[in-house]
Amino acid sequence: MIAWAKRTILVFCATDAFASRRDVFSVSLRSALGVVFVGDILNVIGHLVLDAVGLLPYPLVPAATVGVLITTLLGTPLIFTILYIIGLAIHDLSISRARFEALSRTDQLSGLLNRRAFLAAYAEHKGEASLVVFDIDRFKALNDSFGHEAGDRAIVSVASVLNDNFQPPHVLARIGGEEFAVLIVGMEAAERMVLAGEAVVRISRNPINLGGVETAVTVSAGVAEFARYQGFAQLFAAADKALYIAKASGRNLILHADDIPEQLRNDGNHAHVLPPVLQTGVGR
């Protein structure tokens, strides 16, 4: 019985049956009436059996009628109250669970998805997409010059621009200290690259105010195609290498992994030879 009750509560928690207090009231009332109806039927059957064996000391019809009335009038409010209290507890538990799940998937500073949620979205994705990794330029210098609060404000500012630029179905997350990632889905590869490049430009045109001083914040970005790599590690490594070279080439730039020269593509040092196409902010 206890195991059944636990399973029933878990089922209710996993559904929207108790999504609101109104739902709790409705489900509790219907359940109470159903239980009472079954109780009334059993009451009548019990009276019939007692009458058949001669153990009923009262006339059948009045006795059964009184029994049904007592079961209905007393059982309905009692059962409803118990179910309503349990329903409210499940409702509150469901809300707490939903909030916990949301918190476990959200980066508290930026309000974006966190790395864990991003990896889950990546694992579920099918079809064409581009992974773009953004990194705030000279972030350590910003922290050293203006303090860690300034760094936090830069992260929030960049996150806000990225969030405006990449609305669903694109998946955006903060995956590290000053690092962001977006899975741009749909469209053609060239269009995805243009959209990512627009984000780089928009961020550079959105300075933050630090104690009355307008400070420019820029990002560099690396892009890699979802379908060309086996697993997230390889995909991320390709985008990250493009990001590294974009930074080494002057920052505030975006580079596609396909544009990395062959001699650099498998070289761990990243920066012996730099692509000559990173002058305008969009390298592809």
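Note that the numbering runs from 1 along the sequence shown for the chain.
- Under the 4.0 Å criterion applied to side-chain N and carboxylate O atoms, Lys140 and Glu178 are not assigned as salt-bridge partners.
- Within 6.0 Å of CD on Gln167 lie more than 12 heavy atoms contributed by other residues, nucleotides or ligands.
- No donor-acceptor contact under 3.5 angstrom links the side chains of Ser160 and Asn163, judged on distance only.
- Of the residues listed (Val36, Val35, Thr81), the one engaging Thr76 in a side-chain contact (heavy atoms from CB on, under 4.5 Å) is Val36, and it is the only one.
- A donor-acceptor contact closer than 3.5 angstrom links the side chains of Ser157 and Asn206.
- The two residues Val219 and Val158 have their closest heavy-atom pair at CG1-CG1, 4.1 Å.
- The shortest non-hydrogen separation linking Leu172 to Leu113 is O-CB, 3.5 Å.
- Residues Thr218 and Asp137 bring a donor and an acceptor atom of their side chains to less than 3.5 Å of each other.
- A donor-acceptor pair shorter than 3.5 Å can be found between the side chains of Arg30 and Ser26.
- Pairing each heavy atom of Leu195 with each of Asn165, the nearest pair is O-ND2, 3.1 Å.
- Within 6.0 Å of the CD atom in Glu128, the count of heavy atoms belonging to other residues, nucleotides or ligands does not exceed 12.
- When ring centroids are compared, Tyr229 and Phe236 stay outside the 6.0 Å threshold.
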* Asked: Passes side chain to side chain donor-acceptor pair (under 3.5 Å), Asp152 versus His148? Steps please.
  -> CA-CA 6 Å; Asp152 288 348; His148 289 285; over 6 Å; no

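- Here the closest non-hydrogen pair linking Leu162 and Ala199 is CD2-CB, 4.0 Å.
- Ring planes of Phe166 and His170: perpendicular class, angle over 60° (limits at 30 and 60°).
- In the displayed structure, Glu188 atom CD is contacted under 6.0 Å by at most 12 heavy atoms of other residues, nucleotides or ligands.
- For Phe232, the CZ atom is densely surrounded, since the number of other residues' heavy atoms within 6.0 Å is greater than 12.
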